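Keep in mind that this is a model prediction, so the values were computed, not measured. Atoms considered below: every heavy atom in the structure, side chains included; atoms not considered: hydrogens, waters and symmetry mates. So that the names make sense, note that chain A is the first sequence line, chain B the second, and so on, each numbered from 1.
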There are 2 protein chains.
Amino acid sequence: MSQNGAGIDLDKSLGYLLKEASSALRAAMEEVLRPLGMTVTHYSCLELLAQRPGLSNSELARGAFVTRQSMNVLLQALERDGYVTRPAAAPVGKVLPARLTPRGRRSLEKATVAVRSVEVRMLAGLTETEQSGAFRILQSMIHSLRDDNAGA
Amino acid sequence: MSQNGAGIDLDKSLGYLLKEASSALRAAMEEVLRPLGMTVTHYSCLELLAQRPGLSNSELARGAFVTRQSMNVLLQALERDGYVTRPAAAPVGKVLPARLTPRGRRSLEKATVAVRSVEVRMLAGLTETEQSGAFRILQSMIHSLRDDNAGA
DNA sequence: TGACTCATGTCAGCATTCTGACATACATTG
DNA sequence: CAATGTATGTCAGAATGCTGACATGAGTCA
């Protein structure tokens, strides 16, 4: 297949499968978050802040895999609606550390339950060994992709 | 950046890792495709057509994980630029089977080389056994997510 | 101290994708 | 045969994310 210039066999490509799995996961998450009036990025932002209070806009953006401009739009909306607070002035530099409000924390709780159920469903049928194997393998892929990325 | 350097160890759930890996793969693909003036969806469409000539717009959309409306926009551009052809009238029903032109095939060849190098890089450091393990695991995840999706 | 580099927050404009909607074509069912 | 359900191609408007750009603050280095 690879030799005769036939291209990448999509049925056997791990890259394609990775995209497919990610797409299925996102769709499943959107489905359970929609009744809560929340998007995936919206949830990601809240979850990140819950685990690491005081993250800046740029750090949140990297954690949610969007640009800092996109995250900024979201953060302003979350701030306006009272899910998140940021100080008016930066304690140091320009960085504005964001934190969840009680309301934001309450909102996140429901979402976390929903998202956790999706993850549990995704991992059903996999043994503990397989799961930790998947963990290692995915980390290896990420590392390999990022490594040469900078060099090239 | 964050000066406290506190735990970069984010919520390293398998779901998050999956998203991270997929994001890294997409970024790496965008990087090698940009010099060729091609986006990931653009490339996906061409690759799909190379392997399964005659796919319809809707089928291409499903294969590239976008809506048929988005794929339609892309297909019209590809058609206008001479990479793809579709019959003026549908042979049967409304389905318009798309095919690569020689120009489209030439364009794809370069892109395939670039994308293949990314995939090779991603899999560097993984044994054959690990790769087939990853394959099975990803398929299991996809199946589990889609299965209950319909039911629940 | 001053020049330089880097990262940040934010504004503005653009691109891409999505949701909603419609007409059409085929298959199924009564 | 008619009614229904499903799938398609396509248009239009809205949402979302991105690129480009700017000023600001901090760290580095001579």
Practice item. Mind calculating the distance between CD (A:Glu31) and P (C:dC18) to the nearest angstrom? Key: 17 Å
Revision key, fill the gap. note: B:Glu30, atom CD; D:dT19, atom P; distance rounded to Å ~ 8 Å
Check your understanding: Hey, does B:Leu96 reach any base, or is it just sugar-phosphate, or nothing, if we go heavy atoms under 4.0 Å?
Key -> sugar-phosphate
Check your understanding: Between atom CG in A:Leu75 and atom P in C:dT8, what is the gap in whole Å?
Key -> 14 Å
Review point. Taking NZ, NE, NH1 and NH2 as the nitrogens, is one of them in A:Arg105 or A:Glu109 under 4.0 Å from a carboxylate oxygen of the other?
Key: no
Check your understanding: If only side-chain N and O atoms of A:Thr67 are considered, is one of them under 4.0 Å from the OP1 or OP2 phosphate oxygen of D:dG17?
Key -> no
Point to revise | Phosphate OP1/OP2 of C:dT17: any B:Thr41 side-chain N/O under 4.0 Å | key: yes
Review point. Just checking A:Ser58: base, sugar-phosphate only, or nothing, at a heavy-atom cut-off of under 4.0 Å?
Key: sugar-phosphate
Check your understanding: Is any N or O donor-acceptor pair between the side chain of A:Gln69 and the base of C:dG13 shorter than 3.5 Å?
Key -> no
Check your understanding: Given that A:Val73 and B:Glu59 both sit by DNA chain D, which one's nearest nucleotide is further toward the 5' end?
Key -> B:Glu59
Check your understanding: When you check the gap from the basic side-chain N to the acidic O, do B:Arg52 and B:Glu59 get nearer than 4.0 Å?
Key -> no
Exercise for review: Would you indicate which nucleotide in C:dT8, D:dT8, C:dT10 comes nearest to any side-chain atom of A:Arg62?
Suggested key: C:dT8
Practice item. Indicate yes or no for a side-chain donor-acceptor contact from A:Arg121 to the backbone of A:Arg116 under 3.5 Å, with no hydrogens or angles considered. Key: no
Check your understanding: Salt bridge between B:Glu31 and B:Arg26, side-chain N to carboxylate O under 4.0 Å?
Key -> no
Exercise for review: Please report, rounded to the nearest Å, how far the C1' atom of D:dT16 is from the CE atom of A:Met71.
Suggested key: 13 Å
Review point. Parallel, tilted or perpendicular: which fits the ring planes of B:Tyr16 and A:Phe65, with parallel below 30° and perpendicular above 60°?
Key: tilted
**Study point:** Phosphate OP1/OP2 of C:dT8: any A:Ser56 side-chain N/O under 4.0 Å
**Key:** no
**Study point:** Between P of D:dT8 and CG of B:Leu60, the distance in whole Å
**Key:** 11 Å
Review point. Rounded to whole angstrom units, what separation is found between the CG atom of B:Leu74 and the P atom of C:dA15?
Key: 16 Å
Exercise for review: Look at all strands and tell whether A:Thr39 reaches a base, only sugar-phosphate, or nothing, counting heavy atoms closer than 4.0 Å.
Suggested key: nothing
Check your understanding: Which nucleotide in the set C:dG9, D:dG9, D:dT10 lies at the smallest distance from any side-chain heavy atom of A:Val95?
Key -> C:dG9
Review point. Has A:Asn72 got a side-chain N or O lying under 4.0 Å from the OP1 or OP2 atom of C:dG9?
Key: no
Check your understanding: Is A:Arg68 near enough to D:dT19 that one of its side-chain N or O atoms lies under 4.0 angstrom from OP1 or OP2?
Key -> no
Practice item. Would you kindly give the NE2-to-P distance between A:His42 and D:dA15, to the nearest whole Å? Key: 17 Å
Check your understanding: Where the side chain of B:Val92 is defined as all heavy atoms beyond and including C-beta, which of C:dC26, D:dG17, C:dT10 is the nearest nucleotide?
Key -> C:dC26
Review point. Which listed nucleotide (C:dT10, D:dC18, D:dT8) is nearest to the side chain of A:Gln76?
Key: C:dT10
Exercise for review: Nearest 0.5 Å please: distance from the CG atom of A:Leu100 over to the OG atom of A:Ser107.
Suggested key: 9.0 Å
Study note, to complete from the structure: To the nearest angstrom, the NZ-P distance between A:Lys94 and C:dT8 comes to 11 Å
